[in-house]
Amino acid sequence: MSTQRSTQTITAVPALPAVHERYADVADRRLAVALSTEDAAEERGELDPLERTTCYTHRRWLHHCVSSPLHVIVVTGHRWCRRCECAVNVAIDQLTGDVTLTCPKCHGMPPGAANRQIVRCCRASLAAAHDSDHDAVRALRAVA
Ligand SMILES: [Zn+2]
Ligand SMILES: [Zn+2]
């Protein structure tokens, strides 16, 4: 007689990338995963900290906190107009995905690679967050 062994069924957990405990309380799951993934890539030296779509300091999508004074980096020229030597404003259009930097003094788009990088990363962060909004809608529909 063969002994019947009861195999314990392991409940299938959706295979999502690990979320670092630092972000365990972040409500937006996709954001928590993106933060953890970018942190890890940055630590491995594979991701330029200024190429991130999420913010380690504010624990948010970049476009949600880029208007904070902490995102002005004078040395590199991020959110900084070198012509006028002042911080520049960021306008984010959530609907069209438009990102505009405007200098309050010369009213132009501040020149420089760093400012173009901000525009590029904010667009990427908008797109990533937009996808996660779609997921939320899909989840709601599935429940209904
Ligand atoms: Zn931030
Ligand atoms: Zn200016």
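Counting starts at 1 for both ligands and their atoms, following the listed order. Because the structure is a prediction, the values reported are computed rather than measured. FYI, the numbering just counts along the sequence from 1.
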> Determine the sole option in Arg44, Arg52, Arg59 for which the salt bridge (charged side-chain N to carboxylate O under 4.0 Å, His left out) test with Asp39 is passed.
Arg52

> With 2.8 Å as the limit, jot down which protein N, O or S atoms are around the Zn ion (ligand 1).
Cys55 SG, His58 ND1, Cys65 SG, His71 NE2

> With a 4.5 Å limit on heavy-atom distance, are the side chains of Trp61 and Leu126 in contact?
no

> Using every non-hydrogen atom in the two residues, find where Cys121 and Thr53 come nearest and quote the distance to one decimal.
O-CG2, 4.1 Å

> Are there over 12 heavy-atom neighbours, none belonging to Glu21, within less than 6.0 Å of that residue's CD?
no

> Looking at every heavy atom in both Ala129 and His63, which two are closest together, and how far apart are they?
CB-CE1, 3.6 Å

> Only pairs at least two apart or in different chains count here, so list each side chain to side chain donor-acceptor pair (under 3.5 Å) that has a residue in residues 75-90.
Thr76-His78, His78-Gln117

> Do Thr54 and Thr37 have side-chain heavy atoms sitting under 4.5 Å apart?
no

> Strictly by salt bridge (Lys or Arg N to Asp or Glu O under 4.0 Å), give each pair with a member in residues 104-130 just once, sequence neighbours left out.
Glu51-Arg120

> I'd like to verify the contacts: list protein N, O or S atoms under a distance of 2.8 Å from the Zn ion (ligand 2).
Cys81 SG, Cys84 SG, Cys103 SG, Cys106 SG

> Is the charged tip of Arg22 near the ring of Tyr56: under 6.0 Å from the six-membered ring centre and within 45° of its axis?
yes

